[in-house]
2 protein chains.
Amino acid sequence: MNNNSVESVVILKKALNQTCYKFFSCLSNPTRLATIEMLIEKPMSVNEIATALGEEQSMISHNLKLLLDCNFIESNRDGKKRVYSLNRETIESLFKIVTNHAKKYCPKGGRCGIKGDQRK
Amino acid sequence: MNNNSVESVVILKKALNQTCYKFFSCLSNPTRLATIEMLIEKPMSVNEIATALGEEQSMISHNLKLLLDCNFIESNRDGKKRVYSLNRETIESLFKIVTNHAKKYCPKGGRCGIKGDQRK
DNA sequence: AGTATATATGAAGAATTTTACATATGAATA
DNA sequence: TATTCATATGTAAAATTCTTCATATATACT
């Protein structure tokens, strides 16, 4: 491996890191996770999601934009409404990994980070 | 499905959401991603990571703790040192998904969120 | 035991992210 | 085109997360 390709790898890695950061940041938010959960059931409009979650419309809208930017969801206009639906390919394979990881390391049901809690 | 099992599903979902939140939050940080990247190569001590990344020892230590709590890494003492190594099973399958997702939706290399950037 | 080296921890300020409110834009329909 | 319904956006304040500094703890060695 010459210097040039080492450099390329570094750049690639940096790029991957930026991607990963945006990818994971987008998913590290309770509102957005709850939204994804809603959309697992069926495509929904902004107001439907907001009502279901008991949150403000504008707040949901802000969060949907982030999910959209990361292509975790897509949107389609339906008359006055705009309907959001899930990118199942990514989300489902992702959640499979989380579930497996949790099953293996968080035996007490969903409560991950038991070690962390114990330490305090 | 009776009321009881509906409730169980809700609780399960909440639990999964908490798990997901912790899982993804842990990964949505540049320092921790860079650390993971280092550990892909080989197990390393705190100081080795800190030096490699040009960061403070205590800062790396704080961040390693979070990665440890989520079981993305594990630690073993080696004399005075403490050596951290990667949970490859989870991390590698996870990064495969991110890479695929990025390949599909971020055609310009690693720079995801092109839509987001364009909007401003 | 005392010292040196390696790592962990607590806490406060800095930085980032999230939310709420006000308001703007877009689409359908009278 | 005026009105209504649905969604988006700008921005400041609130909430959360991160980093830094000081210091504590742990291990090995003399």
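Values reported hereafter were calculated over all heavy atoms of this structure, with side chains retained and with hydrogens, waters and symmetry mates removed. The chains referred to below are lettered A, B, ... by the order of the sequence lines, with proteins before strands, and numbering in each begins at 1.
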* Structure fact -> Atom CG of Leu53(A) and atom P of dT19(C) are separated, to the nearest Å, by 11 Å
* Asked: Within the structure shown, what part of the strands sits under 4.0 Å from Met59(A) by heavy-atom distance: base, sugar-phosphate, or nothing?
  -> sugar-phosphate
* Structure fact -> Of the candidates dA8(C), dA20(C), dA6(C), the side chain of Glu55(A) sits closest to dA20(C)
* Structure fact -> Contacts of Lys80(A) and Ser61(A) projected onto DNA chain D by closest heavy atom; the upstream (5') one is Lys80(A)
* To do: Could you pick out which residue, Ser58(A) or Asp78(A), lies toward the 5' side of DNA chain C when each is mapped onto its nearest nucleotide?
  => Ser58(A)
* Map Asn63(A) and Lys81(B) onto DNA chain C by nearest heavy atom, then report which one ends up closer to the 5' terminus. => Lys81(B)
* Backbone N/O of Gln57(A) and side chain of Ser61(A): donor-acceptor pair under 3.5 Å -> no
Side-chain atoms of residues 73-80 of chain A: list all donor-acceptor pairs with protein atoms under 3.5 Å, sequence neighbours left out, distances to 0.1 Å.
unit_1   : atom_1 : unit_2   : atom_2 : d
Ser75(A) : OG     : Arg82(A) : NH1    : 2.8
Arg77(A) : NH1    : Gly79(A) : O      : 3.3
Arg77(A) : NH1    : Lys80(A) : O      : 3.2

* Can you find an N or O donor on one side and an acceptor on the other, under 3.5 Å apart, linking the side chain of Gln57(B) with the base of dA6(C)? -> no
* Structure fact -> Contact check, residues 28-35 of chain B vs DNA chain D, heavy-atom distance under 4.0 Å, returns Asn29(B), Thr31(B), Arg32(B)
* Identify which nucleotide among dC21(C), dC21(D), dT16(D) has an atom closest to any side-chain atom of His62(B), counting heavy atoms from C-beta outward. => dC21(D)
* Who pairs with Glu92(A) by side chain to side chain contact (heavy atoms under 4.5 Å, CB included), at least two apart in sequence or on another chain? -> Arg88(A)
* May I have the step-by-step check of side-chain contact (heavy atoms from CB on, under 4.5 Å) for Thr35(B) and Tyr84(B), ending in yes or no? => CA-CA 10 Å; Thr35(B) 300; Tyr84(B) 289 86; over 6 Å; no
* **Distance in angstrom units between Leu68(A) CG and dT7(D) P, rounded** => 14 Å
* For Ser45(B), report the nucleic acid contact type (base, sugar-phosphate, nothing); a contact means any heavy atom under 4.0 Å. => sugar-phosphate
* To do: Please state whether the rings of Phe23(B) and Phe72(B) are parallel, tilted or perpendicular, taking 30° and 60° as the class boundaries.
  => perpendicular
* How many angstroms lie between atom CD1 of Ile36(B) and atom OG1 of Thr31(B), to the nearest 0.5 angstrom? -> 11.0 Å
* Structure fact -> Against the side chain of Arg82(A), the closest entry in dT27(D), dT19(D), dA8(D) is dA8(D)
